[in-house]
S.K.: 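Starting off with a structure, shown below.
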Amino acid sequence: SLIVPRDWRNQGYGDYSGFAWHRINLQFDISNPELRPQLGRLGIRIGKVRSAYQIFAGGQLIGSVGGLPPNQEIVYDRKANYPIPYTAIDENGRVVIAMRIWREELVCECAEGGLFEGEFLVGTINDLQRSTGFKELSALVLGMLYLMFGAYHLYLYWRNRGMRQFFWFGWLTISIGIYVIAVSQWKHYIDLPFLLLKKVEYVVLYITPILGASMIWCMLHFKPPLWARLYQWVFVVLTALIILIPNHTVNYLTLDLWQLLAVPMMVGLIVQLMWFALDGNKEARTTLVGMAIFVATALNDIMVAQGVFDHARVVPYGFAALIVAMAVSLANHFTALYTNLEAEVGDRTRELSEANERLFEASRIDVLTGLLNRRGFAERAEEEILRARRTRRGFVLVMADIDKFKAVNDEYGHACGDEVLKDVARQLERQMRDIDVLASWGGEEFVLLLP
């Protein structure tokens, strides 16, 4: 007896390869008239099986995944629903479901064998197909949302190359979107070799720590030390091995090492986020929540892959939590930048307005005497002319100059002449009323407007 789903490694067959048969007897009460119509729509759902299989019902071949030797073809993660023919049920209501399973010899201890993951259910074929379609549709929708979200942030980066957070976040989200679709059943609808599809899945999985760490460091404005960069390059090397070595074996051999390296990196990033969060970094606090959820789901999937327990893989939802948290952090970060920029622009605008006012006043004032110059006087005179027309009350205009001013300059110098101009201006100002206007007309000449 074997427990299904559970791989052979945890049931005493870790070193076994080649062929094996699984059988189970199903007994139905065919005397029940309500059951007979359902038996005509009977079906079975098969989860993931390594490395290929054929399935029989009552001795009849009802389906297969991959290819058995001598024409072997590895396809080990395709789920399928098969109808069970009514003729496969004998007169006693019994049907034998049998699976002929082949496990590749090179897999050995590196990967699971047998019916290792997923749902193995019997029911009406319509119900099985409907529930499968609903689950897979959610994966497709989630993956497509990730791809569009990532493309949008890359577009934002293209518009403004200074926002490097958007660059890393865009590629991280795109890689997650590809991974979510790659681990779903939708990839089997793509007319590509299974090996190539698995290579894509492993590549986007292996580069995720690189992109995630770069994104977090960029968001925190943290310059990582050399050893952290070298740690990232280990993932680059693993990714290169997946790409360059054209077989499944490198996938099996590197996955455990990747998991061993990814866990410390995720824990280290969480510790770093906690440090920055305690230091008052709001973006770190938000990202920390998403990162914690993601790590929990990743650890769940790693233990499922290692056969520690049987549970649904939930890392796509952990990715969703991480992406949402990072998106909120980015939004908060750039909202704060925008708010600070608005305040700074407001301050600069006020300073500019004050400077303009000072320049405007300076353009109307004579620098030497401090009186209005010709321009300033002309403006005041226009106002007084309009007032005089309105009230029909006139005003007096006085033109004045300093006698023999040239002699002062010639005998005592221009500096002394400037002091004379300033002193005369002060003397005139003391004799003026509040409503009078005094201006320097040029040189030693003055003009007075007296309402």
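When reading the values below, keep in mind they use all heavy atoms of this one structure, side chains included, and skip hydrogens, waters and symmetry mates.
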S.K.: Output yes when a side-chain donor or acceptor of R45 lies under 3.5 Å from a complementary backbone atom of L121, and no otherwise.
M.R.: no

S.K.: Using only atom types and a distance under 3.5 Å, with no angle test, would you say the side chain of D127 pairs donor to acceptor with the backbone of T124?
M.R.: no

S.K.: Tell me, do V447 and L397 make a side-chain contact under 4.5 Å, heavy atoms counted?
M.R.: yes

S.K.: Considering non-hydrogen atoms only, spot the tightest contact between E379 and R364 and give its length.
M.R.: OE1-NE, 2.6 Å

S.K.: Can you tell me if K199 uses its side chain to pair, donor with acceptor, with the backbone of F194 under 3.5 Å?
M.R.: no

S.K.: So how far is it from T287 OG1 to I270 CD1, rounded to the nearest 0.5 Å?
M.R.: 11.5 Å

S.K.: Look only at the side chain of K187 and the backbone of A182, and say whether a donor-acceptor pair between them is shorter than 3.5 Å.
M.R.: yes

S.K.: Give a yes or no answer on whether the side chain of E136 reaches the backbone of Q185 with a donor-acceptor pair at less than 3.5 Å.
M.R.: yes

S.K.: Kindly say whether W441 contributes a backbone atom to a donor-acceptor pair with the side chain of R374 at under 3.5 angstrom?
M.R.: yes

S.K.: Within this structure, what is the CZ-CD distance for the pair F116 and Q11, rounded to the nearest 0.5 Å?
M.R.: 13.5 Å

S.K.: Do Q259 and D256 have side chains that get closer than 4.5 Å, going by heavy atoms?
M.R.: yes

S.K.: Do the side chains of V250 and L244 get nearer than 4.5 Å, heavy atoms only?
M.R.: no

S.K.: Is any side-chain heavy atom of L269 closer than 4.5 Å to one of W217?
M.R.: yes

S.K.: Strictly distance-based, threshold 3.5 Å: is any side-chain N or O of T297 a donor or acceptor partner for the main-chain N or O of F294?
M.R.: yes

S.K.: Counting only N and O atoms by type, is there a donor-acceptor contact under 3.5 Å from the side chain of T369 to the main-chain atoms of A425?
M.R.: no

S.K.: Measuring from atom OH of Y146 to atom CD1 of I178, what distance do you get when rounded to the nearest 0.5 angstrom?
M.R.: 13.5 Å

S.K.: Main chain of P451, side chain of E384: is a donor-acceptor contact present, judged purely on distance under 3.5 Å?
M.R.: no

S.K.: So H188 and D77, do their side chains get closer than 4.5 Å, heavy atoms only?
M.R.: yes

S.K.: Does any non-hydrogen side-chain atom of L211 lie less than 4.5 Å from one of S175?
M.R.: yes

S.K.: How long is the span from the CG atom in N281 to the CD atom in Q272, to the nearest 0.5 Å?
M.R.: 10.5 Å

S.K.: Determine whether more than 12 heavy atoms belonging to other residues, nucleotides or ligands lie under 6.0 Å from atom CZ of R433.
M.R.: yes

S.K.: May I ask you to check whether H153 and Y157 place their ring centres under 6.0 Å from each other?
M.R.: no

S.K.: Are R348 and E351 within salt-bridge range, i.e. N to O under 4.0 Å?
M.R.: yes

S.K.: Donor-acceptor pairs under 3.5 Å, side chain of residues 228-239 to any protein atom, not counting sequence neighbours: which ones?
M.R.:
from	atom 1	to	atom 2	distance (Å)
R229	NH1	Q232	OE1	3.0
Y231	OH	L261	O	2.7
Q232	NE2	I210	O	3.1
Q232	NE2	S214	OG	3.1
T239	OG1	F235	O	2.8

S.K.: Taking atom CG of L273 and atom CG of L278, what is their separation to the nearest 0.5 Å?
M.R.: 11.0 Å

S.K.: Quick check for you: to the nearest 0.5 Å, what is the distance between L115 atom CG and F120 atom CZ?
M.R.: 4.0 Å

S.K.: Checking T254 against Y206: is there a side-chain donor and acceptor pair closer than 3.5 Å?
M.R.: yes

S.K.: Nearest heavy-atom pair of K48 and Y76: which atoms, and what distance?
M.R.: CB-O, 3.7 Å

S.K.: Kindly say whether I181 contributes a backbone atom to a donor-acceptor pair with the side chain of S184 at under 3.5 angstrom?
M.R.: yes

S.K.: For G280 and R285, which heavy atoms make the closest approach, and how far apart are they?
M.R.: CA-NH2, 3.5 Å

S.K.: Are V398 and L450 side-chain neighbours, meaning at least one heavy-atom pair lies under 4.5 Å?
M.R.: yes

S.K.: Report yes if some heavy atom in the side chain of R380 is under 4.5 Å from a heavy atom in the side chain of L372; otherwise report no.
M.R.: yes

